[in-house]
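Everything below concerns the one structure shown next.
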Amino acid sequence: MTYDSLNDLHPLTAFLFFSYAEIITMSTDNPIITAISLTAAGLYSLRLSGKKALLTIFKICLIIPLTGAVNFLTVHTGAHVLFYLNGNPMTLEAMLRGFLNGLIIIAVILWFMSENKIITDEKMIWLFGSVAPKTGLTISMMLRYIPMLKRRFTEVHSAEIAMGHDGHSGFGKMRQSAREFDCVLTWSLETSIERGNAMEERGYGIGKRTSYMRYHIKKSDIPVIAVESVLASVCLFLIIKGVGRFTSYPMGGRKKTSLMMAFSATGLETLLYLLAALLFILPLCMDVVSEIRWKRGDDNA
């Protein structure tokens with residue numbers, strides 16, 4: 001992982017940022033906010049993981065056609081009917097809405113991936129260890145679950161290949177993949193149970209907990225917490241008040257949907273988009289400022 005300014009700050013600062021980004025992304029289905037969040041999350045993931053993130057982003061983009069197909073086949077609301085299937089109208093609005101749902105899911109996944117890079121298990125348990133120890137342990141296990149499954153699946157697959165269990169036909173490969181997935185899932189569940197039992201035997205959650213790692217709010221944390229909290233609060237206030245409200249389907253018998261009117265923003269909507277963009281790119285801006293300050297200091301030296 002490359003140098004990141006957010007990683008050097010207090011764990012609470014990073015946790016608040018990712019929480020704000022994820023909540024705002026999930027709180028509205030406005031396509032512009034979704035696009036801003038997805039772009040910022042993708043750029044931030046690329047900065048943290050480099051070229052490795054490209055393959056991950058490509059894989060999770062397969063969610064888009066899946067959500068598009070599911071919504072297209074199950075929702076039959078919309079003014080622009082493409083064709084009829086078993087008497088049910090297949091509409092353009094339903095298909096586009098499914099694609100939008102996929103983009104929202106991808107944006108949230110990317111933010112969680114970056115959060116998993118910045119906020120380690122130790123930081124998460126430190127944050128919640130004294131306030132809500134069980135919650136902190138659960139969240140830390142959740143954050144490490146996806147990379148752990150990926151790593152263990154690679155190990156199981158390599159072992160099966162070494163033993164000659166690779167499946168020769170298409171159906172055989174499907175059965176082999178299902179077998180490997182079952183092994184990985186069973187392994188992970190057993191590990192989760194063992195970890196929970198081990199933490200319980202050690203007395204985790206009983207009484208006040210101490211930590212070998214100590215974090216202190218520094219002067220550099222205060223302005224970052226203030227800026228991200230103010231930006232997120234204003235964005236959530238505007239969203240709750242209905243600014244930027246969006247629907248993919250016709251309203252009031254009109255054929256013109258808000259999807260077609262998404263870029264005709266009012267003053268408050270423009271303000272919402274601007275504040276959301278500033279919040280989402282805050283870590284990238286911090287990295288740019290840190291690099292500029294480092295280069296100036298290096299030149300002066």
Side-chain angles (χ1 to χ4, degrees), residues 1-26 31-64 102-124 127 139-140 142-151 154 215 218 220-232 235 273-299:
M1 185 179 71
T2 59
Y3 169 78
D4 183 77
S5 301
L6 201 60
N7 191 39
D8 289 342
L9 297 177
H10 194 276
L12 179 62
T13 306
F15 179 77
L16 287 176
F17 167 77
F18 288 112
S19 298
Y20 292 149
E22 292 155 5
I23 290 173
I24 292 176
T25 303
M26 293 184 292
I32 296 181
I33 294 181
T34 301
I36 296 173
S37 177
L38 181 61
T39 303
L43 292 175
Y44 194 49
S45 180
L46 287 172
R47 174 167 180 81
L48 293 178
S49 303
K51 295 181 180 179
K52 294 181 180 179
L54 290 175
L55 181 59
T56 303
I57 294 174
F58 176 76
K59 290 180 178 179
I60 62 177
C61 280
L62 298 176
I63 296 175
I64 298 177
L103 293 175
I104 294 174
I105 294 174
I106 292 174
V108 174
I109 291 176
L110 289 176
W111 284 124
F112 271 111
M113 287 173 53
S114 299
E115 183 176 7
N116 189 43
K117 288 279 187 180
I118 299 297
I119 305 179
T120 59
D121 294 348
E122 292 79 8
K123 290 182 179 181
M124 186 61 68
L127 281 172
I139 294 176
S140 66
M142 289 172 56
L143 289 176
R144 68 187 291 269
Y145 209 69
I146 293 178
M148 182 183 68
L149 284 177
K150 182 180 178 181
R151 183 178 63 255
T154 302
Y215 299 98
K218 298 177 291 186
S220 56
D221 289 290
I222 297 176
V224 178
I225 293 177
V227 169
E228 64 187 18
S229 297
V230 170
L231 291 174
C235 289
Y273 301 152
L274 179 61
L275 294 179
L278 290 176
L279 174 65
F280 292 144
I281 65 173
L282 182 61
L284 295 174
C285 293
M286 291 167 53
D287 292 341
V288 172
V289 172
S290 297
E291 290 181 0
I292 293 175
R293 294 178 62 183
W294 181 84
K295 289 181 180 179
R296 287 180 177 178
D298 185 62
D299 292 339

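Quantities reported herein were computed from a predicted structural model and do not represent experimental measurements. Residue numbers start at 1 and run along the sequence shown. Because only heavy atoms are used, hydrogens play no part in the values below, and waters and symmetry mates are left out as well, while side chains stay in.
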Note to self: Rounded to the nearest 0.5 Å, what separates atom SG in C235 from atom CD1 in I23?
What the structure shows: 12.0 Å
Note to self: Taking I33's backbone N and O only, do any of them form a donor-acceptor pair with S37's side chain (distance below 3.5 Å, no angle check)?
What the structure shows: no
Note to self: Looking at every non-hydrogen atom in both residues, tell me the closest pair between A14 and I119 and how far apart they are.
What the structure shows: C-CD1, 4.0 Å
Notebook entry, point to check: Nearest heavy-atom pair of E115 and F15: which atoms, and what distance?
Noted result: OE2-CD1, 3.8 Å
Item checked: Rounded distance [0.5 Å steps], CD1 in I118 versus OH in Y44 -> 4.0 Å
Next item on the list: Enter the distance from I57:CD1 to S45:OG here, rounded to the nearest 0.5 Å.
Entry: 5.0 Å
Next item on the list: Measure from the ring center of W111 to the ring center of Y20 and say whether it is less than 6.0 Å.
Entry: no
Margin query: Within this structure, what is the CD1-CD1 distance for the pair I109 and I63, rounded to the nearest 0.5 Å?
Written below: 3.5 Å
Next item on the list: Would you please name every residue forming a side-chain hydrogen bond (donor to acceptor under 3.5 Å, both in side chains) with S114, sequence neighbours left out?
Entry: none
Item checked: I60 to L110 - nearest heavy-atom pair and separation -> CD1-CD2, 3.7 Å
Item checked: L48/M113 under side chain to side chain contact (heavy atoms under 4.5 Å, CB included): CA gap, chis, key distance, verdict -> CA-CA 10 Å; L48 293 178; M113 287 173 53; over 6 Å; no
Check: OH/Y273 to CD1/I32 distance, rounded to the nearest 0.5 angstrom?
Finding: 4.0 Å
Margin query: Within this structure, what is the CD1-CG distance for the pair I106 and L38, rounded to the nearest 0.5 Å?
Written below: 6.5 Å
Notebook entry, point to check: Closest approach of L9 and S220, non-hydrogen atoms and distance?
Noted result: CD2-OG, 3.6 Å
Note to self: T39: which residues meet the side-chain contact (heavy atoms from CB on, under 4.5 Å) condition with it, sequence neighbours left out?
What the structure shows: L43
Notebook entry, point to check: What pair of heavy atoms forms the shortest contact from T25 to A21, and how long is it?
Noted result: OG1-O, 2.7 Å
Notebook entry, point to check: How close do A40 and L284 get, heavy atom to heavy atom, and via which atoms?
Noted result: O-CD1, 4.5 Å
